Amino acid sequence: MGDLEHGASRQRRLERLADSADFRRVREQGRCWSDPRVVLCAHPNGLARVRVGYAVSKRIGKAVRRNRIKRLMRESVRAYSDLVSPGWDIVIIARQRVSVSDYWEVQGSIGHLLGQAGVFRSTDVAMTGQTG
RNA sequence: CGAGUGAGCCAGGCGACCGCGGAGGGCCGGUAACGGGCCUUCGAGGAAAGUCCGAACUCCCCAGAGCACGAUGCUGGAUAACGUCCAGGCGGGGUGACCCGACGGCACAGUGCAACAGAGAGGAGAUUGCCGCCUGCAGGCAGGGCCCUGGUUCUGCGGCCGGCGGUGAGGGUGAAACGGUGGUGUAAGGGACCACCGGCGGCCCGGGCGACCGGGUCGGCCAGGCAAACCCCAUCGGGAGCAAGACCAAGCAAGGGGCGUCCCGAGCAUGCUCGGGACAGAGGCUGCUCGUCUCAGGCCCCGGGUAGGUCGCACGAGGCGCCGAGCAAUCGGCGUCCCAGAUAGAUGGUCGCCAGCGCCGUCGACGUGCGGCGCGACAGAAUUCGGCUUAUCGGCUCACUCGCCUC
RNA sequence: CGGGGCGUAGCGCAGCCCGGUAGCGCACUUGAAUGGGGUUCAAGUGGUCGGACGUUCAAAUCGUCUCGCCCCGA
């Protein structure tokens, strides 16, 4: 509701998902979609904002590589942040293949899965967001 | 020019757009809590890594002693400390610049191990050989005869076999066999003796703070290897770790178990409570002994409940520059700078240009010119420092060594 | 941050303390018995002992460093 009040008091569109219980709820009660690079899970949170969490297993690589993958995923989600409708908790899990993917492949995967999950405000806006 | 040694440094640069975390300052909305946005500024490494050592800091609340246990191990120095660093000694490697070394132990007392081979593996051993002596009955060698191709008998011998003794030099085994060379001596030999050399020990002299080195003299050659085998000696070590620890908020705060005996006095429900005293005991101090602290008041254990916020938390054995002391590690003085603080964890994404390296193509001009493609390592702070170790594409600087060529 | 364990034949494990011969079971190969298969019996192949360096005459074993995997505690 805060983003409708005044232009100067826009709320942050994206928040981080930080609680272990939240992660577990999204994984167990939400729906999941996947492609060879990432797994995406989504679950309604009843709030007026979107929370996104990222999971990169130690099996993917060492600390530098895991940080790099998280940054690519965060940057990809940021590209779609204006298009996601509020009220969702999203968890994105890295698979083995992302370690050999570049940014555009990761963004494509995440955009495609967000579209499959149906968390965009409307479908045509999602398509325009995917190109840019 | 080629090959190499040592020391040190860098870790691509610039720009545009969109983002992230900290600090400071305004602004906007809101009573406030708070939220949003703007400006300025700062924002990973030489190893941030492995967590192998050492400390700071914090708590336990005493750490005092001994044993045990662990670590270290040439000498001197540096340092807050170290298993680190510097200098030196000794030993080893390299033509050399240089590099490597867990390098205490006859300061003292012990124990243990060495497969196989070999005679013998620790104060050992005697097969063969060498040397001396000995009988010729049995056995050895040589020759002859007989039965007949294997025995028997006769003769001879100390060269071969045998017996006794000496010896450990030679051959041989082994990773290792109780000095080496030459000589004297001897029946043959042996440090049995002599000369020189090597090594060991004692004493003396000289140099050095010292490890140790140089020289002399005497003894003796009887003194082996492994202590990353037990062990001994010297030195050091209280334990835990920022999830330490402090505060705030929230929540559970129900219940169970453990905490000696005796004597005296009082109370009553006649075996419990209270008070006093004595004795021991129990528990903590990471194992044990002494020692110390606590013991009727709360403590400990189980169970139960939270895992939110603030501090710790970034001015420090701090970085840089200059000067001085020292061979150096390092230390002192002056000036200057403020230089990451996340917490599902910031420091990123895309694009362009210029340099670097490699490959390919091209040329009236082989110029490293032009064009294209590719590569750009190892790796991400988590309380903070000092080291060590390990990973690492490529490049730069200085000093030095060896070889070849030219002048 | 602290602590512990493992790595040996294709697989699961002994051997390590106290150094000298790497062994067991399954599997694999060959042969015998059967018309064929299973089963059984006999024989056999197969191991850089995770890696590097060191101590030693000699290392799976002892020491140091390192790699990988697994498990605890706060």
Side-chain angles (χ1 to χ4, degrees):
Chain A
M1 297 304 170
D3 56 345
L4 302 177
E5 300 263 345
H6 300 274
S9 66
R10 265 178 63 218
Q11 269 200 323
R12 295 177 65 189
R13 294 180 300 266
L14 293 173
E15 288 194 3
R16 290 189 190 135
L17 192 65
D19 202 330
S20 179
D22 291 335
F23 268 84
R24 208 169 51 248
R25 189 175 60 248
V26 174
R27 285 285 288 154
E28 289 172 358
Q29 301 176 17
R31 290 198 57 194
C32 296
W33 296 264
S34 68
D35 77 348
R37 276 182 270 275
V38 292
V39 178
L40 185 144
C41 299
H43 184 252
N45 60 5
L47 303 170
R49 51 189 187 270
V50 177
R51 298 190 298 181
V52 187
Y54 306 90
V56 183
S57 158
K58 233 176 184 178
R59 168 184 315 236
I60 304 282
K62 295 189 177 181
V64 171
R65 178 166 291 178
R66 296 203 306 272
N67 281 345
R68 161 91 178 159
I69 289 165
K70 273 193 190 179
R71 285 163 184 159
L72 291 179
M73 295 197 298
R74 268 204 306 272
E75 191 67 22
S76 302
V77 169
R78 199 173 64 83
Y80 301 106
S81 60
D82 283 327
L83 308 170
V84 178
S85 59
W88 288 96
D89 279 349
I90 297 169
V91 170
I92 300 175
I93 301 163
R95 294 182 132 178
Q96 200 84 33
R97 282 281 298 281
V98 288
S99 57
V100 294
S101 305
D102 65 6
Y103 168 72
W104 297 113
E105 291 172 324
V106 175
Q107 195 196 359
S109 291
I110 289 177
H112 185 65
L113 293 175
L114 284 171
Q116 280 192 346
V119 298
F120 287 135
R121 294 172 192 267
S122 60
T123 324
D124 50 349
V125 183
M127 286 304 113
T128 60
Q130 205 166 357
T131 54

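Values reported hereafter were calculated over all heavy atoms of this structure, with side chains retained and with hydrogens, waters and symmetry mates removed. Per chain, numbering begins at 1; letters A, B, ... match sequence-line order. This one's a predicted model, so the numbers in the text were calculated from it and none came from an experiment.
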Response to the item:
Contacts of A:A63 and A:K70 projected onto RNA chain B by closest heavy atom; the upstream (5') one is A:K70

If we call it a pair only when both distances are under 3.5 Å in a Watson-Crick or G-U wobble match, what pairs with [N]?
N       : result
B:rG19  : none
B:rG245 : B:rC311
B:rU343 : none
B:rG125 : none
B:rG4   : B:rC400
B:rG298 : B:rC259
B:rA188 : none
B:rG324 : B:rC331

Min side-chain heavy-atom separation [X]-[Y] under 4.5 Å:
X     : Y      : value
A:S76 : A:Y103 : yes
A:M73 : A:I110 : yes
A:W33 : A:L114 : no
A:W88 : A:N45  : no
A:V52 : A:I92  : yes
A:R37 : A:R95  : no

Any side-chain N or O of [X] under 4.0 Å from OP1/OP2 of [N]?
X     : N       : value
A:R66 : B:rA379 : no
A:R71 : B:rU347 : yes
A:R74 : B:rG345 : yes

For atom [atom1], what is the distance between [N] and [M], given to the nearest Å?
N       : M       : atom1 : result
B:rU347 : B:rG94  : C1'   : 50 Å
B:rU95  : B:rG403 : P     : 12 Å
B:rA382 : B:rA340 : C1'   : 11 Å
B:rA253 : B:rA381 : C1'   : 41 Å
B:rC53  : B:rC388 : P     : 16 Å
B:rG73  : B:rA55  : C1'   : 22 Å
B:rG156 : B:rC148 : C1'   : 25 Å
C:rA60  : C:rU48  : C1'   : 12 Å

Spacing of [X] atom [atom1] relative to [N] atom [atom2], expressed in whole Å:
X      : N       : atom1 : atom2 : answer
A:F23  : B:rG345 : CZ    : C1'   : 12 Å
A:R24  : B:rA344 : CZ    : P     : 16 Å
A:R25  : B:rA344 : CZ    : P     : 16 Å
A:I69  : B:rG345 : CD1   : P     : 15 Å
A:R78  : B:rC18  : CZ    : C1'   : 5 Å
A:K58  : C:rG68  : NZ    : P     : 12 Å
A:D102 : B:rU350 : CG    : P     : 8 Å
A:N67  : B:rA344 : CG    : P     : 14 Å

Please classify the glycosidic conformation of [N] as syn (within 90° of 0) or anti (everything else).
N       : answer
B:rG358 : anti
B:rG46  : syn
B:rA187 : anti
B:rG166 : anti
B:rC339 : syn

Show me the donor-acceptor pairs, under 3.5 Å and distance only, between side chains in residues 55-64 of chain A and residues at least two apart or in other chains.
from  : atom 1 : to    : atom 2 : distance (Å)
A:S57 : OG     : A:R59 : N      : 2.9

Worksheet item: Is A:Y54 stacked on the base of B:rA344, with ring centres under 5.5 Å apart and planes under 30° apart?
Response: no

Worksheet entry | Other residues, nucleotides, ligands: >12 heavy atoms within 6.0 Å of A:R65 CZ | no

Discussion item. Under 4.0 Å, counting only non-hydrogen atoms across every strand here, what does A:K62 touch: a base, just sugar-phosphate, or nothing?
Written reply: sugar-phosphate

Worksheet, complete the sentence: Testing B:rU350, B:rG380, B:rA344 for proximity to the side chain of A:W104, the answer is B:rU350

